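Data first, discussion second: the structure below is written as structure tokens.
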Protein chains: 2
Amino acid sequence: MRKISESTVRRLSLYLRFLEQFAAHGQTTISSAELARRGGTTSAQVRKDLSFFGSFGKRGLGYSVTELAAKIRDILGLRRTYRVILVGAGRIGGALVQYPGFRQRGFHVTAIYDKDPHKVGSRWNGLVVRDVRHIEADLAKEPTDIAIVVTPAEAAQDVVDRLVHSGVKAILNFAPVQLAVPADVVVKSVNMALELETLSFSLSNR
Amino acid sequence: MRKISESTVRRLSLYLRFLEQFAAHGQTTISSAELARRGGTTSAQVRKDLSFFGSFGKRGLGYSVTELAAKIRDILGLRRTYRVILVGAGRIGGALVQYPGFRQRGFHVTAIYDKDPHKVGSRWNGLVVRDVRHIEADLAKEPTDIAIVVTPAEAAQDVVDRLVHSGVKAILNFAPVQLAVPADVVVKSVNMALELETLSFSLSNR
DNA sequence: CCACGATTGTGAACTTATTCACAATATGCG
DNA sequence: CGCATATTGTGAATAAGTTCACAATCGTGG
């Protein structure tokens, strides 16, 4: 397959969200122009994004809302559900476990780990927090593709090494460090402070 | 000023983080190559990013860690501190208020608002949750540039309208909706589920 | 004080992403 | 059925972002 840009994937994700909203309102077809309006982009961009994967519309008519949604789910790999483990039972971890958006989209948090003995054993949203040292053994029994890392910066690389060693292939990282992983593992880092800094930049430059 | 790309700003933010780490280790100078290695980019990229704002290095030597950090803080508008208000006293809101990264970087959460009468009045990290209907009056007394919106999707646009009306110029939005704002207000939307979906895409395409 | 190794700053080349623009349909209506 | 209208799919044009490559310059050591 041709190399698909990150921005295209993010937009597809957005389009899917809008399609679901349209479906909920009983709308059956949608034009690229309308999708673009909602997503803050252009109709040409919408069509180009989709064109990398096939042609899903009808000229003169637009797209079938449900068909296109199904197609995008397919493209994004959202037909299946994913087991997700979470490392770091802090406040952000807690918020994430309970975040309904994950489950709605098929991401099921199946285990929570922490290093702190005070946290190990407590219940979180129906899950018992386990000691990080069980990661390897647990994942050997229950292979898991995705992990969310919400540890302090110092602990993150060590945790990631163990996750990678245990077969985790995708990591959503909230720790403010650049993580080193093998080429076949994908890391996506999110950093709240950095988002605020881009806002600060915008504020200072106008 | 020349138009600066979002990616450049994000990278500057990253460089700043690394520079602070280097400073903490007592390192006094740094080369673009080393900064690039840490940030997962190239030395040319680092120099180009900086070149949009001036020339801060010494040929043959590199950059002074503290000087460059100061320069980037300047560029990003981080010399000052920012008052930040938070709308939505849910779990994510709670996690964000306590997130040390914000305060460290000069973003001070000064007020929390919610619509739910059960939440209004409770204390959160030393702040009393106030009713959203006080936003206008409060901001008239204490002008605030930045707001973080962590409301349900349905409520977000309404809240944003009131924020904009009250003079807020930058919004970090966690609600899964596209927000409409005037041209002089900047919105940055963050969506956790979307991040996981990009991971899902990567997993399905290799 | 000159030659050498290191490293910046930056135009130019290249690559990637977005927008344009239009032929190719599909529908509906008289 | 044929014309008017809507809207896709896509090559070509444009714009934006990244990498290359090299002259400029700094510090050092003989």
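Convention: sequence-line order gives letters A, B, ...; per-chain numbering from 1. Model, not experiment: these values are computed from the prediction.
Comparing C:dA12, C:dT7, C:dA26 by their nearest atom to the side chain of B:Ser31 picks out C:dT7. Each of C:dA17, D:dG9, C:dT19 was ranked by its minimum atom distance to the side chain of A:Ser7; first place goes to C:dA17. The side chain of B:Lys48 sits closest to C:dA12 out of C:dA12, D:dG27, C:dT18. The side chain of A:Ser51 has D:dT10 as its nearest neighbour among D:dA21, D:dT10, D:dC26. Across C:dG9, D:dT8, C:dT19, the shortest atom-to-atom separation from the side chain of A:Thr41 is found for C:dT19. Taking the side chain of B:Ser5 as heavy atoms from C-beta on, and the options D:dG17, D:dT18, C:dC20, the nearest nucleotide is D:dG17.
Between B:Ser55 and C:dT8, a side-chain N or O to OP1/OP2 separation shorter than 4.0 Å is absent. Residue B:Gln45 has no polar side-chain atom (N or O) positioned under 4.0 Å from OP1 or OP2 of D:dG17. Between D:dG17 and B:Arg10, no contact under 4.0 Å exists linking OP1 or OP2 to a side-chain N or O.
Between the CG atom of A:Leu68 and the C1' atom of D:dT8 there is a distance of 12 Å, rounded to whole Å. Between the C1' atom of C:dT8 and the NZ atom of B:Lys71 lies a distance of 17 Å, rounded to the nearest Å. In this structure, A:Leu12 atom CG and C:dA17 atom P are separated by 13 Å, rounded to whole Å. The separation between B:Ile30 atom CD1 and C:dT8 atom C1' is 14 Å, rounded to whole Å. Rounded to an integer number of Å, the gap from B:Leu61 CG to C:dT7 P is 8 Å. The separation between A:Lys3 atom NZ and C:dT15 atom P is 14 Å, rounded to whole Å. Between the P atom of C:dA17 and the CZ atom of A:Phe52 lies a distance of 8 Å, rounded to the nearest Å. Between the C1' atom of D:dT7 and the OH atom of A:Tyr63 lies a distance of 9 Å, rounded to the nearest Å.
Here A:Glu34 pairs with A:Arg37 in a salt bridge; the nearest charged N to carboxylate O distance falls below 4.0 Å. With respect to B:Arg10 and B:Glu6, a salt bridge is recorded, a charged nitrogen being found less than 4.0 Å from a carboxylate O.
Using bins of under 30°, 30° to 60° and over 60° for the plane-to-plane angle, the ring pair B:Tyr82/B:Phe107 lands in the parallel bin.
Checking B:Gly54 against A:Gly60, the closest nucleotide of DNA chain C that is more toward the 5' end is the one next to B:Gly54. Annotation: of the two residues near DNA chain D, B:Glu6 and B:Arg47, the 5′-most nearest-nucleotide partner is B:Glu6.
Residue contacts for A:Ser32: at a heavy-atom cut-off of 4.0 Å it reaches the sugar-phosphate backbone alone, with no base atom in range. Residue contacts for B:Thr8: at a heavy-atom cut-off of 4.0 Å it reaches no nucleic acid atom on any strand shown.
A cation-pi geometry, defined here as NZ or CZ lying under 6.0 Å from the six-membered ring centre and within 45° of its normal, does not hold between A:Arg162 and A:Tyr113. A cation-pi arrangement is not found for B:Arg11 relative to B:Tyr15, the charged atom failing to lie both closer than 6.0 Å to the ring centre and inside a 45° cone about the ring normal.
A donor N or O paired with an acceptor N or O is found under 3.5 Å between the base of C:dT8 and the side-chain atoms of B:Arg59.
Residues A:Leu194 and B:Leu14 form a side-chain contact, since some pair of their non-hydrogen atoms from C-beta on lies under 4.5 Å apart.
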